[in-house]
Every structure is written in C-alpha cells, then in structure tokens.
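Accompanying notes for the structure given below.
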Amino acid sequence: MIPFARAFVLRLAIAAVVPTLLTGCFGPDSGSRSPLYANLAEVAGDLDEASALGMVNAYRAKNGLSDVTLDDRLNGLARDYARDLAAAASKGAAIRPDGKLEARLAAAGYETAEVKESVSAGYYTLAEAFSGWRDSEPHRDTMLFEPAENLGIAAVYLPGTKYKVYWVLIMAKPT
C-alpha cells in the first residue's frame, strides 16, 4: 500500500473509533439536556424561566440594553394567558393578542407606565421560541423594549391542539 493510501485508511479508522471511545469515557446519557432544548411537549410545558430570562438578557445586552428581572406577577399573568390561548386554540381560535393586557395587569395589581406583550405557538423548545422571536420584528421589539425592567414568560402545553405549546412574553416597566 502506498503511504498516502495507508494514511487515509488510518484516518478513516480513527474517525470511526474515536466517537465510540469518547462515548464510553463520559458514561451513559442521563437523558438530561439543556433547558434551552428541552421539548416542552415532552415535559408538559415545564419552562425554565431563569434560562429564558438569561437568554433575553443576553440578547438585550448584545443590543446595548439593560437587564430585566423576572416578576412573579408577570409570570402568573403570562401563564394564565397562555392557558387561555391554548384553550381557545383547542376550539379553533387564532393565536393573537386579545388587546386586554392592561386590564389583566391592573387586575393583578401591576401598574405599568409601559408594557409590551408577545404571543406565539408551536415552538417546542425555548431555543426555537427565541430564534423565532428574534427573527420576527414584533417579537424582537418586545424583547428589546427599552424601558422594560421586568419580564414575565410562560409556555403552556396542551396536547391534542394544533400547536401544542403556547407562549406569552410580557416586558414591562412598573410605575
């Protein structure tokens, strides 16, 4: 065998064996995955809100904006509204803002000077949702809402519906 061919065969053999050896070094797959890639249809919509916050804040920082903080009231409002969207979708309704955000905020005792909201559906992971929002002008504008100080986010899983996972993001500045 000529030296070039021998080296080529050796490279192929190494390429075939190394991944198997490395798998053995790290042990069996525990089934855990980053919260960014957790399929919310498999974990019943159990969204890691802290990871979502980190992703939004990193995007805001990249765009010269200040961090926001998670707000329990906004998370609750987002969760309740995502449930409402999922329930409405199960009856064939379109997924779009209902125009009642100010009333929902007031009912929760969250008085705002400025607020933006995004609703979406069909993204199964936080990474997918973030990518979709980043590539959509209205959703990007919500994430990059300059005066925002607080964030509320939720994803609700409803099997048997067209989109299965329903998202709400609220960015607000309290008065």
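Keep in mind that what you see is a predicted model, and the values were worked out from it rather than measured.
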Looking at CG of L74 and CG of L105, how far apart are the two atoms once the value is rounded to the nearest 0.5 Å? 6.5 Å
Could you go step by step and tell me if D71 and Y110 meet the side-chain hydrogen bond (donor to acceptor under 3.5 Å, both in side chains) rule? CA-CA 10 Å; D71 183 279; Y110 189 97; 4.9 Å; no
Value for CD (E117) from CD1 (I170), rounded to nearest 0.5 Å, stands at 5.0 Å
Side-chain donor or acceptor of S136 paired with backbone N/O of W133 under 3.5 Å: no
Rounded to the nearest 0.5 Å, the CD atom of E128 sits from the OG atom of S120 at a distance of 11.0 Å
For P147 and K173, work out which heavy atoms get closest and say how close. O-CB, 3.4 Å
List the atom of R60, the atom of S66, and the distance in Å for their closest heavy-atom pair. NE-O, 2.8 Å
So which heavy atom on P174 is nearest to which on E149, and how close? CD-OE1, 3.6 Å
Gap between atom NZ of K62 and atom CZ of R134 - 0.5 Å precision: 7.5 Å
Heavy atoms of other groups near Y59 OH, more than 12 under 6.0 Å: yes
Donor-acceptor contact present, side-chain D48 to main-chain A50, <3.5 Å: yes
Are R83 and Y166 in a cation-pi contact, defined as NZ or CZ under 6.0 Å from the six-membered ring centre and within 45° of the axis? no
Which atom names give the shortest non-hydrogen contact between V165 and Y157, and what distance separates them? CG2-CD1, 4.1 Å
For Y123 and F130, run ring-ring contact (aromatic ring centres under 6.0 Å, His included): C-alpha distance rounded to whole Å, both residues' side-chain angles, the deciding distance at 0.1 Å, then the answer. CA-CA 9 Å; Y123 299 120; F130 177 78; over 10 Å; no
Take L65 and F145 through the side-chain contact (heavy atoms from CB on, under 4.5 Å) test and state the conclusion after the steps. CA-CA 9 Å; L65 298 174; F145 183 49; over 6 Å; no
Quick one: closest heavy-atom pair of V68 and L53, and the distance? O-CD1, 3.3 Å
When every non-hydrogen atom of L126 is compared with those of S51, the smallest separation belongs to CD2-C, 3.9 Å
What's the verdict on salt bridge (charged side-chain N to carboxylate O under 4.0 Å, His left out) for R104 and D80, showing C-alpha distance, side-chain angles and the deciding distance? CA-CA 10 Å; R104 289 194 308 273; D80 290 347; over 6 Å; no
Please identify which of these residues, N75, D72, T69, meets the side-chain hydrogen bond (donor to acceptor under 3.5 Å, both in side chains) condition with N150. T69
What's the verdict on salt bridge (charged side-chain N to carboxylate O under 4.0 Å, His left out) for E49 and R79, showing C-alpha distance, side-chain angles and the deciding distance? CA-CA 11 Å; E49 295 160 350; R79 195 169 23 262; 3.2 Å; yes
Considering residues, nucleotides and ligands other than E114, do more than 12 of their heavy atoms fall under 6.0 Å from its CD? yes
From S90 atom OG to L85 atom CG, the distance as rounded to the nearest 0.5 Å: 11.0 Å
Value for CD1 (I153) from CG (L169), rounded to nearest 0.5 Å, stands at 5.0 Å
